[in-house]
Structure formats: structure tokens, C-alpha cells
Protein chains: 2
Amino acid sequence: MSYGLLIQNINKNLNLSNKELDLVCKYFKPTEIKKREFLLTQGSICKFEGFVLEGCFRIFTIDKKGNENTLYFAAKDWWLMDIDSFMNQIPSNLNMQALEDSKVLLINRQDKMMLYNSIPIVEKLFRIMSQKALVSWQRRLIRNHAFTAKERYFYFIKTYPDISSKLTDKQIAGYLGIRHEFLSKIKKTEK
Amino acid sequence: MSYGLLIQNINKNLNLSNKELDLVCKYFKPTEIKKREFLLTQGSICKFEGFVLEGCFRIFTIDKKGNENTLYFAAKDWWLMDIDSFMNQIPSNLNMQALEDSKVLLINRQDKMMLYNSIPIVEKLFRIMSQKALVSWQRRLIRNHAFTAKERYFYFIKTYPDISSKLTDKQIAGYLGIRHEFLSKIKKTEK
DNA sequence: GAAAAATGTTGAACAAGTTCAACTAGCCAA
DNA sequence: TTGGCTAGTTGAACTTGTTCAACATTTTTC
């Protein structure tokens, strides 16, 4: 079974009984996805929520000017979803692309609803997870305002060494909100 | 009773029975706060979650360079909280200042826990609210990357005319992540 | 293993945004 | 009424980041 990581991740947020964990896990289906393939593309409706077991994903949008803005990267032990599209069944603005051969656990919308209804503590679990995520988005916004691109770059590679080492500079630049040419110049100036 | 607005706000997210709404409301205590006073200051522990009935607040942090970064403004019908400090009882990084004489409904930590435990649907309510908030933070980050300061300024005053009309340019600049001198120059160039 | 495609580097000219300083205007308190 | 705050404006010099184009390097594809 490959649910150990999911169970561990859940227990970081809230302690569930073994019975509850079993039930939760049953709803999540293991899925493999090849490098460069998409789990979701802009314009389509997000039919799943996912948890990454192996590999790495890049979650990004393409704006009117054609620039790719990376919202976040999801490596092992990260969640992966377009809440808005998933909850409201509206077309997504996001693309989720595997950066390497990856394994994810997916749950579809109907099963997610069942899960919420049949195991009430799951509401609490996702409430807590969402609130934690909220805090980190707030902090990221502040960092974007308070730090220069160079500071943000070094913060990123220091804070997420496992993820950043898998990424091209172009992908990192998309996450930092700068052009990759400029990142190249930042790196040249050295720490 | 001044709970009408809160009830309305809750019902936008999830339909609760009148009985449940009554119970929820009981936990929220009306509080008044004068212009320029603080509901929370950086370094102290956030002991409440709040909902704004009247007036307007500015939620900001002061970074090492002494710059004020505004996370958001909370006017009538907005929620107001430092989840991280409130949940984990750690010192807050945030300041919450009334920009005019204001009225809020506050709930303390113990009561919030009670509320979660005694009315399970409240977990769902705050799960949904947090997820919606998450989406809007993600969108804001993308806007910050994809738009210039000028575009962000006009987006802000167009999207939040009621709030932005109450604010000084300095406060708006803090929200946009630019210096107020530059905002002054943006405005001069006209739409 | 060669061709094609994507990524990374560099430079020069440019645009966006900051800094600092000087000045204007409005507001409030005593 | 005066003095002291704070907000807003403007200009000049500066820093940060962009754009575009040319080239080098790595990765992918067949």
C-alpha cells in the first residue's frame, strides 16, 4: 500500500483514528502521470483533488500577455488542487504539469462530498489545512512586497532545496515573478 | 440586534438553520473601537476572530526596513483575524488598526473551539470560507506578478470602490506594494 | 548520433519603481 | 492664531527589472 505518506500528512494536521484513516484512504485512487503530461489544463473543469506521492508538479496560469505565472510547485507530500474549479465546477485558470514521472492520489468530487458527509472530522481536517495554506499565501505576498527578486530567489532555494533543485531556472523565475534572463543575471552576481 | 449582517454573511457560504444561527451569534460579542485604535498589534497574541459590522480596518505588518505592508483592508461584512496567532497562540506579525470608528463582533478562542465542537456545521462553514479566501489570495498573487502598479491601482479602486474611497493614498500604496510617491505619479498620468 | 528544440547567458537600451529632498496643503490641538 | 503633524506632489538621480537579439549549452527526439 502507498498510503503511508498520506496518513502521515493527515496526522500532521489532525489525529484521526485508524478506522477513519482507512476510510479516508479508500477514497483516494493512485494514479501515475508521465513527465510533461498535464493533470489539469486551463479552461477545463477540475474533477479531482490530489496528493503527491512521488515526483513534482508545476501549477501555473498563462496570462493575456502569454506569460506563465507559477502559483506553486507540488512535490512529494504536497496537495494539488484548484479549489475554485473543483468546488464550483467552473473552468479552471490553472495548468498542472508533471515535471517528472509522478504518482498522485486522486479523489473525485462526488467522493470528496461523500467523505465530508460520512466522516465529519474531515471537514475539520480540510478547514485546518486550508487555514494553514492561507497563512503561507499571506506570507508569500508580504515577501513579494518586502523583498527584491534576489532576496526572494535565495529565500526560495534555501527554504525548498529539494524542490528547487529539480527545477529549471525558467521555472523558478516564473514562480518568483521575474523574467528568466534577469534570474540569470542575479545568479551571476553571486550571493 | 446587530447580527443581521453576520447571518447574511454566513448564509452566503452555507445555509444554517435559524437555531444554528442563533447559537453561533450568541458567541460573538459586539465591540466598538475608535478611529486609529488597534484591535491587534505586532508581537501580541491574537485572542479573537472578528467580523466587521461598521467602519474599516487596515491589517498590516512592519518589516525590518520599517515599511508598512498592508495585507488587506476589512470593511463592513469582512472577516478579520490572524489565524496563525489565534490557532497556535503565537505572537502575531500583524497590526489591525481602525481607520474610522468601527463596530465588530468578536469571538474568543475558547468560544470558537466550543462553537466548532457544539455545532459541527461550523467546521464546514469555516472550511468553505477559508477555501474561498485561499482562492482570492492566489489570484492576488497572480495579479501582482502579471500587472504593473498602475494596472493594480485601477483594478483595486474599480473592484473595491467603497473601501478605496475611505483610504488615503498612502494606505492604498501600502496595499499595492509600492511607495506612495510613485502612486502620486501614477495618478498624475491619468487613466 | 545528428538535428531540432528548449534552456541559459550576455549586453545594450529601455521602462518601472525607489529614494531623497524640497515644497504645498489640510488638519488638529493648545 | 500659531505651531506641529500628516498626507500629498514634484523633480532629479538612482536601482531594479524588462525587452530584444545574438549566441552558447543542454536536452529531447527521431
Side-chain angles (χ1 to χ4, degrees), chain A residues 34-38 55-56 58 60 62-70 73 95 97-101 141-157 164-191, chain B residues 34-38 56 58 60 62-70 73 95 97-101 141-157 163-191:
Chain A
K34 290 271 169 223
K35 185 170 178 172
R36 263 182 289 278
E37 283 180 3
F38 285 81
C56 189
R58 176 170 146 257
F60 65 99
I62 300 178
D63 63 33
K64 298 116 215 166
K65 297 172 194 164
N67 292 323
E68 294 186 0
N69 292 108
T70 297
F73 301 103
N95 303 282
Q97 186 182 30
L99 299 179
E100 44 187 66
D101 292 356
L141 188 108
I142 294 298
R143 285 197 303 276
N144 280 346
H145 282 180
F147 293 174
T148 63
K150 185 173 180 177
E151 291 168 327
R152 264 145 50 212
Y153 171 67
F154 285 110
Y155 176 89
F156 178 67
I157 59 171
S164 61
S165 62
K166 295 179 175 187
L167 304 171
T168 64
D169 284 355
K170 212 177 165 188
Q171 289 162 348
I172 294 178
Y175 174 86
L176 297 175
I178 57 174
R179 318 262 85 228
H180 75 283
E181 295 95 327
F182 187 55
L183 178 53
S184 178
K185 286 163 196 174
I186 284 174
K187 293 178 77 174
K188 204 180 54 170
T189 66
E190 235 17 86
K191 182 106 191 173
Chain B
K34 290 274 169 220
K35 184 169 178 173
R36 265 181 287 278
E37 283 180 3
F38 286 81
C56 189
R58 177 170 145 258
F60 65 100
I62 301 179
D63 62 33
K64 297 119 215 162
K65 296 172 195 163
N67 292 323
E68 295 187 357
N69 292 108
T70 296
F73 300 103
N95 302 282
Q97 184 182 32
L99 299 178
E100 44 187 66
D101 292 355
L141 189 107
I142 294 297
R143 285 197 304 274
N144 281 345
H145 282 179
F147 293 174
T148 63
K150 185 174 179 175
E151 290 168 326
R152 262 142 54 212
Y153 171 68
F154 286 110
Y155 176 87
F156 178 66
I157 58 170
I163 295 183
S164 61
S165 61
K166 293 178 177 190
L167 304 171
T168 64
D169 283 355
K170 212 175 165 188
Q171 290 162 348
I172 294 178
Y175 174 86
L176 297 174
I178 57 174
R179 319 259 84 227
H180 74 282
E181 295 95 328
F182 187 55
L183 178 53
S184 178
K185 285 164 195 173
I186 285 173
K187 294 178 77 173
K188 205 180 55 169
T189 66
E190 236 18 85
K191 184 102 190 176

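Everything quoted here is computed from the prediction, not taken from an experiment. Letters go in sequence order (proteins before strands), and every chain restarts at 1.
As a whole-Å value, the separation of I178(A) CD1 from dT19(D) P is 12 Å. Distance R36(B) CZ to dC5(D) P: 15 Å, rounded to the nearest Å. Put simply, CD1 on I172(B) is 12 Å from C1' on dG8(D), counting in whole angstrom units. I186(B) has its CD1 atom 14 Å from the C1' atom of dG8(D), to the nearest Å. When the C1' atom of dT18(D) is taken as reference, atom CD of E68(A) falls 17 Å away, rounded to whole Å. One can place CD of Q171(A) at 8 Å from P of dG8(C), the figure rounded to the nearest angstrom. Atom pair R179(B):CZ and dT16(D):C1' shows a separation of 14 Å (rounding to whole Å applied). Computed from coordinates, the F182(B) CZ to dC20(C) C1' distance equals 16 Å when rounded to whole Å.
Comparing dT10(C), dT28(D), dT7(C) against the side chain of T168(A) picks out dT7(C) as the nearest. Here the side chain of K170(A) is nearest to one of dT16(D), dT28(D), dG8(C), namely dG8(C). Distances were taken from every side-chain heavy atom of T148(B) (C-beta onward) to each of dT10(C), dT10(D), dG17(C); the shortest belongs to dG17(C). The side chain of D169(A) has dG8(C) as its nearest neighbour among dG17(C), dG8(C), dT19(C). Nearest to the side chain of S184(A), among dG8(C), dC20(C), dT9(C), sits dT9(C).
Atoms CZ and CD1, from F147(A) and I142(A) in turn, are 10.0 Å apart once rounded to the nearest 0.5 Å. In this structure, F73(B) CZ and K166(B) NZ are separated by 12.0 Å, a value rounded to the nearest 0.5 Å.
For the pair R58(A) and F60(A), the cation sits on the ring face: its NZ or CZ lies under 6.0 Å from the ring centre, inside 45° of the axis.
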Checklist entry - Passes side-chain contact (heavy atoms from CB on, under 4.5 Å), L167(A) versus F156(A)? Steps please. => result CA-CA 12 Å; L167(A) 304 171; F156(A) 178 67; 4.0 Å; yes
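Taking side-chain N and O atoms only, K188(B) has a distance below 4.0 Å to OP1 or OP2 of dG11(D).
One can find a donor-acceptor pair under 3.5 Å joining the base of dT19(D) and the side-chain atoms of K185(A).
Remark: the backbone N or O of K35(A) is paired with a side-chain donor or acceptor of D101(A) at under 3.5 angstrom.
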